[in-house]
2 protein chains.
Amino acid sequence: MSTLEITKREEEYLETMYMLHRNKGIIRVKDIAKLMKVKPPSVVDALKKLNEKGLVHYEKYDRILLTEKGRKIAEATYSKHVLLTEFFVEILGIPPEIAEQDACQFEHYVHEITAERIKEFAKFIQEQCPYVLKQFLKEKLTEDKRKR
Amino acid sequence: MSTLEITKREEEYLETMYMLHRNKGIIRVKDIAKLMKVKPPSVVDALKKLNEKGLVHYEKYDRILLTEKGRKIAEATYSKHVLLTEFFVEILGIPPEIAEQDACQFEHYVHEITAERIKEFAKFIQEQCPYVLKQFLKEKLTEDKRKR
DNA sequence: TCACCAAATTAGGTTAGCCAAAAATGTTTA
DNA sequence: TAAACATTTTTGGCTAACCTAATTTGGTGA
């Protein structure tokens with residue numbers, strides 16, 4: 001319940017749990033471990049800490065749930081993830097897999113102001129010079145294909 | 001001399017030393033500590049490890065230098081730093097201080113492909129629709145001022 | 001030149017995060 | 001319903017990175 005700071009890694013655990021809850025309805029140690037590329041004992045460690053911080057409801061062998069507070073953090077992170085991925089793919093024309101990797105890191109650091117501005121910029125460009133943007137993406141897509 | 005992996009934090013130490021070398025000519029434990037916001041003993045720990053990995057020349061009480069290998073890594077990181085900061089400021093119109101903070105994190109993760117594409121995109125937009133870009137920046141600058 | 005001060009280093013200790021192996025619990029199936 | 005299997009948890013131990021306090025070294029001014 002404390003107001004301790006949250007680490008980048010903890011934010012990643014929260015986001016993973018949030019996605020599992022959305023996709024499968026149930027959050028399992030095993031599945032968290034798989035997505036986070038760690039072993040189950042590491043997940044248990046993390047769950048205990050997050051429980052202490054009031055971000056998840058965790059009691060051993062019981063079902064795992066995010067608290068209201070944990071869910072809010074996860075949602076905020078997830079929405080930055082989506083925003084960044086879209087920007088990388090739709091504006092810069094980065095291959096989705098790479099965009100995903102970059103977003104996955106940057107989402108934990110990006111300033112609110114920067115995130116907001118990226119969103120506004122994307123909208124502005126798409127509205128004000130859609131043709132130029134399409135030209136850029138087409139050019140880059142062609143180059144990327146040639147490289148393969 | 002080993003081919004061990006380099007951590008994000010080590011990359012930060014290298015970059016800091018690189019900047020100190022450029023700006024002051026000499027690299028001091030005290031100055032690294034100040035810039036990295038850590039205490040001197042932490043710097044010494046880091047120097048020992050980086051020395052082991054062949055990235056700095058370090059012998060106690062002696063002058064500190066980056067090796068060729070260390071310098072190359074630092075330069076690569078630094079150039080991403082510059083690129084990202086410029087993009088955030090000149091294209092998105094983010095306040096320099098915030099742009100700096102974001103760049104400082106993202107530089108350690110950003111994929112080569114993404115970095116390159118950001119550079120190309122900035123050039124493209126500046127050449128193809130400079131007026132639209134100026135309009136966006138002006139608009140945002142006005143909004144930012146109003147908020148203060 | 002030597003005593004003093006600043007800088008660097010060592011010693012010893014903390015925390016976050018990870019793991020393998022073993023133990024405990026939960027679930028399923030014969 | 002009890003054995004077998006799967007999942008979770010505990011135990012004990014590791015590394016990276018940080019710190020404070022104490023010590024050592026290097027340079028400087030009287």
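Letters A, B, ... mirror the listed sequences (proteins, then strands); counts begin at 1.
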Q: Pick from A/Asp31, A/Leu65, A/Val43, A/Leu50: which one makes a side chain to side chain contact (heavy atoms under 4.5 Å, CB included) with A/Met17?
A: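 For A/Met17, the side chain to side chain contact (heavy atoms under 4.5 Å, CB included) test succeeds with only one of A/Asp31, A/Leu65, A/Val43, A/Leu50, which is A/Leu50.
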
Q: Using distance alone, with no hydrogens and no angle criterion, decide if A/Glu100 and A/His81 have a side-chain donor and acceptor under 3.5 Å apart.
A: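 There is such a pair (donor and acceptor under 3.5 Å, judged by atom type) between the side chains of A/Glu100 and A/His81.
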
Q: For a 4.0 angstrom threshold against heavy atoms of chain A, report the outermost contacting nucleotides of DNA chain D in 5' to 3' order.
A: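 Result: D/dT7 to D/dT10.
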
Q: Could you point out which residue of B/Lys80, B/Lys119, B/Arg117 forms a salt bridge (Lys or Arg N to Asp or Glu O under 4.0 Å) with B/Glu112?
A: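 For B/Glu112, the salt bridge (Lys or Arg N to Asp or Glu O under 4.0 Å) check succeeds only for B/Lys80.
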
Q: Using a 4.0 Å heavy-atom cut-off, write out nucleotides 9-19 of chain C from 5' to 3' as B (base contacted by protein), S (sugar-phosphate only) or - (no contact).
A: BB-----SSBB

Q: Does the side chain of A/Phe106 come within less than 4.5 Å of B/Val110's, by heavy atoms?
A: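 When only atoms from C-beta onward are counted, A/Phe106 and B/Val110 do not touch, as no gap falls below 4.5 Å.
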
Q: Is it true that a side-chain atom of B/Thr67 and a backbone atom of B/Gly54 form a donor plus acceptor pair closer than 3.5 Å?
A: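 Confirmed, B/Thr67 side chain pairs with B/Gly54 backbone.
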
Q: Passes salt bridge (charged side-chain N to carboxylate O under 4.0 Å, His left out), B/Lys49 versus B/Glu52? Steps please.
A: CA-CA 5 Å; B/Lys49 282 200 183 156; B/Glu52 287 299 312; over 6 Å; no

Q: Would you call the rings of A/Phe121 and B/Phe121 parallel, tilted or perpendicular, taking 30° and 60° as the class edges?
A: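 It falls in the perpendicular class, over 60°.
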
